[in-house]
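Right, one structure below, let's go through it.
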Amino acid sequence: MNYDFANIEAKWQKIWEEKKLYAAQDGGEKEKFYALVEFPYPSAAGLHVGHPRPYTAMDIIARKKRMAGMNVLFPMGYDAFGLPTENFAIKNHIHPRIVTENNIKNFRRQLKALGYSFDWDREINTTDPKYFKWTQWIFLQLYKNGLAYKAKMPVNWCTSCKCVLANEEVVEGVCERCGAPVVRKEKSQWMLRITKYADRLIDDLEGLDFIDRVKAQQTNWIGRSHGAEVKFRSTLGDEILVYTTRPDTLFGATYMVLSPEHPLVAKWMDRLNNVPEIKAYQAAAAAKSDLERTELNKEKTGVKLDGVMGINPVNGKEIPIFISDYVLSTYGTGAIMAVPAHDDRDWEFAKAFGCEIVEVVAGGNVQEAAFTLKDDTGIMVNSGFLNGLTVKEAIPVIIKWLSEQGIGEPKTNFKLRDWVFSRQRYWGEPIPIIHCPKCGEVPMKEADLPLLLPDVESYEPTDDGESPLSAITDWVNVKCPCCGGDAKRETDTMPQWAGSSWYYLRYMDPHNDEALASKEMLEYWSPVDWYNGGMEHTTLHLLYSRFWHKFLYDIGVVPTKEPYAKRTSHGMILGENPHYVGNFEKQEDKDAMIAKYGSDALRPAVKMSKSLGNVVNPDDVIREYGADTMRLYVMFIGDFEKAATWSPKAVKGCKRFLDRVWAMAENVSDMETEYSKANTSLMHKTIKKVTEDIDNLKPNTAIAALMTLINQIDKTCNRAELKTVLQLLSPFAPHICDEIWEQKGYEGICSVSAWPQYSEEKCKDSEINIAVQVNGKMRGTVLMDADLSDEQVVANVVADEKISRFLAKQGGSIVKTIVVKNKLVNLIVK
RNA sequence: GCCGCUAUGAUGGAAUAGGUAGACAUAGCAGACUUAAAAUCUGCCUGGGGCAACUCAGUACCGGUUCGAGCCCGGUUAGCGGCACCA
């Protein structure tokens, strides 16, 4: 009865591989379709159950498109540089290259065991010199175009990884990867000028088929705001440039605030009267970690600069100047005009420091709270020539006035910062730059790429913030490619995000030695038609790769402005929470759990983790139920976009379903070539449903439709129907379908057979249950022929015994009827 | 605080464009088969009332639009995710 999934799956995986059944063709008549999933980081732990969810979903889409006659590119690879491998290597004294090789072997085995239709001939590995040669090449192009530069600046330093982090890698003041506190450190770092692309990274989202939350998050992260830069003066004669999004409130600026690091503070220092106080504040601000700065954001602190005043350019008023860490040195000009009446933060600060609050937009009570409305309900007051205008009208007027006076101009600012691109670690792409005492920074010659990592004994990170590579003198010391004199290599390496920023291009032409990919292949395969990946990469990998792609477009390497035409995202797979208080009967046990685990104890499902012991290993599931069941279950688990909880019990339901399909097939022995009359409309409806659901990324309801179909036809299924069932099920559970297909003697191989067609005409039923409402309430159904005229439908309904009885009881007469064709009748009775 | 999202049985979730709420599955209950268990098969499975035909209520809460609202509009509550002193 039960089918032998282990042998069947091994058999078909071997056949697919030997026949290269799913290899993409580099050209041809068929329409191309490039389906992409995020390649994994090959960790020592192996594949997590989270991986198969997106992989299976895209495999289903790839398989269905292939069956529908498209030339599908569905590749896989490994994003293998990175810290966990390096840390594992250090701990176990194994070279990271060996660790990586072993991990990849394990990942490949697991991916193959799931029966994915990847084109394995295109597999890539970011740590392969043949691959990272081109990562380095792209870096050189960025460098030559002024988009890679070295700068000394405060950077995020992870105290545990002993390495700098990009802004995108710092989450709530701690390291995204290890959770250790991040501190600010002044260091010279390689930077990539992603800010140059800020506008295009927002504007070009418009034409893309990305899910809205991805667009919203990227737009938010880039953080574009429109306003003006305005020149204030100080009583000491210096110009103080501020940025504001509310130039309309200029008359309400009653003090100014500089960031503690602002250069004017140092310049003024010897003319100020409270230097010790100022210096103490600066020192305290500098010592704060990001975490402290955000945690302590309730109370406003600051110091007034005693001995200097600002001058408001619109009214000539002298106003005090403070330093405070609520003004950031890294945003805008690092200095603000404070309008306490109309900005919450300024208001709080003004209350704390007793500054004047002047209302310039009517509508609130500015002594009670800041009035921050920006819409056109507010009317300007106390604002000279702006009085009487709405906020909306005032903004262009004041901006025009400022530019005419030469004291201000419109300005757009972004929250996005340039990308900190160097890491002080061993296991990454070496940066192909040489530092020469005579010539300065010299890029390596492209012909000399790849620049390999030296083989070393120790790759421990250093406490002083130098890369481990700096200790390898044979490697570090080189001749300058420019003057031939003694020079040194750059010893920092690239971040993990480098290799993944362009990997989708390499799949198009993975073995090319002359270029990252040939023009023809880039032209043929670009763009990626459908890219699915995690939301956690929205402001990291996804943004970075869009940036690199746009740059490559600008220098003529790639043919499209955007890398990915469509982006979707899957929900996480969670594990059952062993600490969930719902599991405890006694109140005191619950209370103890809540005291111990906090709000986590209130969640029935949480992220899987080793410490909770709720991790599910795909190998175990495959061993017990088979890959087809695993695939089916991760698709059936729930709405693809939402988080779902792994339920060991529910897996069984999917196995049962496959057993039923197997059993049903065993009983089919006729030689029918057409659907039976009784099953025709159901067959066509199911083809339609499965086809559309796959295209709309609704695998859960596609599977439900197949289950419904089997529930209905398993006693009567004929040979023609079985064929269609196998084809519809094949993308989800390819092994069992190919096996039954072969055993039943259908032609060819099921998983590359032609996708079944449906006709709208045949989806229709000849008889339909019409829903009947009286005054909008359901009162029953009446079975009748389809496509009757409205009059006939109403006549049938009124003639129905049950309905007529109800109407008689109800009294009154029918004053109106609403008929929805083949669906419903609503009788309005009064 | 800002941005985005969600709320449906015991549980995961269905419900194309406003038209039969709870498809499909899990768990549970009852029965068949079995020495027994597992597996399998059949039936029940939102709540209240009724022997029953039937009937009343029901998609977080309050209100609205509509012949008709889980779906649209206004408000509220709770939760999730992202950003967060960004001027």
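Everything numeric in this text was worked out from a predicted model, so none of it was measured.
Side-chain atoms of A/Lys415 stay outside donor-acceptor range of the base of B/rC83, with no qualifying N/O pair under 3.5 Å.
Looking only at atom types and distance, the side chain of A/Thr301 has a donor-acceptor partner in the side chain of A/Tyr281 under 3.5 Å away. Looking at A/Asn822 and A/Asp787, their side chains do bring a donor and an acceptor atom within 3.5 Å of each other.
Every residue two or more places apart in sequence or in another chain that forms a side-chain contact (heavy atoms from CB on, under 4.5 Å) with A/Thr708 is listed here: A/Gln712. A/Lys689 meets the side-chain hydrogen bond (donor to acceptor under 3.5 Å, both in side chains) test with A/Asp693; sequence neighbours excluded. For A/Ala350, the side-chain contact (heavy atoms from CB on, under 4.5 Å) criterion is met by A/Tyr255, A/Pro340, A/Cys355, A/Ile357, not counting sequence neighbours. Legend: residues meeting side-chain hydrogen bond (donor to acceptor under 3.5 Å, both in side chains) with A/Gln218, ordered by chain and number and at least two apart, are A/Arg546. Listed by chain and residue number, nothing satisfies the side-chain hydrogen bond (donor to acceptor under 3.5 Å, both in side chains) test with A/Thr629 (two or more places apart in sequence, or in another chain). The side-chain hydrogen bond (donor to acceptor under 3.5 Å, both in side chains) check on A/Glu576 picks up nothing, with sequence neighbours excluded.
Distance CH2 (A/Trp221) to C1' (B/rG4): 16 Å, rounded to an integer number of Å. In this structure, A/Ile323 places its CD1 atom 16 Å from C1' of B/rC85, rounding to the nearest Å. Regarding A/Leu574, its CG atom lies at a distance of 10 Å from the P atom of B/rG81, rounded to whole Å. To the nearest angstrom, P of B/rA25 lies 7 Å from CZ of A/Arg660. Per the geometry, CH2 belonging to A/Trp662 stands 18 Å off C1' belonging to B/rA39, to the nearest Å. The CG atom of A/Leu416 sits 12 Å away from the P atom of B/rA84 (whole-angstrom rounding). Rounded to a whole Å, the CD atom of A/Gln712 is 13 Å from the P atom of B/rU42. Rounded to an integer number of Å, the gap from CD of A/Glu666 to C1' of B/rU40 is 14 Å.
Side-chain proximity of A/Lys777 to the nucleotides B/rC56, B/rC67, B/rA57 is greatest for B/rA57. When the nucleotides B/rA87, B/rC85, B/rU26 are ranked by their closest atom to the side chain of A/Tyr326, B/rC85 comes out on top. Set against B/rA87, B/rC41, B/rC54, the side chain of A/Val327 has B/rA87 as its closest nucleotide. Candidate nucleotides B/rA87, B/rA27, B/rG4 were compared by shortest atom distance to the side chain of A/Asp343, and B/rA87 ranks first.
Residue A/Arg779 is in sugar-phosphate contact alone, with no base atom involved, counting any heavy-atom pair closer than 4.0 Å across all strands shown. In this structure, A/Gly653 reaches the sugar-phosphate backbone alone: every heavy-atom distance under 4.0 Å involves primed, P, OP1 or OP2 atoms, never a base. If you check every strand for non-hydrogen atoms under 4.0 Å, A/Phe806 touches sugar and phosphate atoms only. At the heavy-atom level, A/Lys652 lies nowhere under 4.0 Å from the strands shown.
Within 90° of 0 lies the glycosidic angle of B/rG9, which makes this nucleotide syn. In this structure B/rA17 sits in the syn conformation; its chi angle is within 90° of 0.
Comparing B/rC61 with B/rA69, their P atoms sit 15 Å apart, to the nearest whole Å. For the P atom pair drawn from B/rG18 and B/rA57, the interatomic distance equals 26 Å after rounding to whole Å. One C1' atom belongs to B/rG81, the other to B/rC72, and the distance between them is 26 Å to the nearest Å. Rounded to the nearest Å, the gap between the C1' atom of B/rC29 and that of B/rA10 is 13 Å. B/rA53 and B/rU16: their P atoms are spaced 30 Å apart (whole Å). B/rU59 and B/rU8 have their C1' atoms separated by 4 Å, given to the nearest Å. Separating the P atom of B/rU46 from that of B/rG64 is a span of 30 Å, rounded to the nearest Å. Using atom P as the reference point in both B/rC2 and B/rC71, the two lie 26 Å apart (nearest Å).
Listed by first and then second residue, the ring-ring contact (aromatic ring centres under 6.0 Å, His included) pairs that reach into residues 682-706 of chain A are A/Tyr675-A/His684, sequence neighbours excluded.
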Readout for nucleotides 11-24 of chain B: B = base within 4.0 Å of protein heavy atom, S = sugar-phosphate only, - = neither; 5' to 3' it is -BSS----BBS-BB

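Sequence order on RNA chain B of the closest nucleotides to A/Met337 and A/Lys649 puts A/Lys649 first from the 5' end. The residue among A/Asp344 and A/Asn775 whose nearest nucleotide of RNA chain B is located toward the 5' end is A/Asp344.
The aromatic rings of A/Trp646 and A/Tyr633 sit perpendicular, their planes meeting at an angle over 60°, well past the 30° parallel limit.
An OP1 or OP2 oxygen of B/rG82 is reached within less than 4.0 angstrom by no side-chain nitrogen or oxygen of A/Thr539. Close to B/rU26, at under 4.0 Å from its OP1 or OP2, lies a side-chain N or O of A/Arg656.
Contact detail for A/Ser225 and A/Tyr331: the closest heavy-atom pair is OG-OH, 3.1 Å.
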Convert the base pairs of RNA chain B into dot-bracket notation, remembering that pairs crossing earlier ones are written with [ ] and that bases paired across to another strand are shown as |; include only Watson-Crick or G-U pairs under 3.5 Å. (((((((..(((......[....))).(((((.......))))).((((....))))..(((((..]....))))))))))))....

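Outside the 6.0 Å centre-distance limit, the rings of A/Tyr625 and A/Phe5 are not counted as a close aromatic pair.
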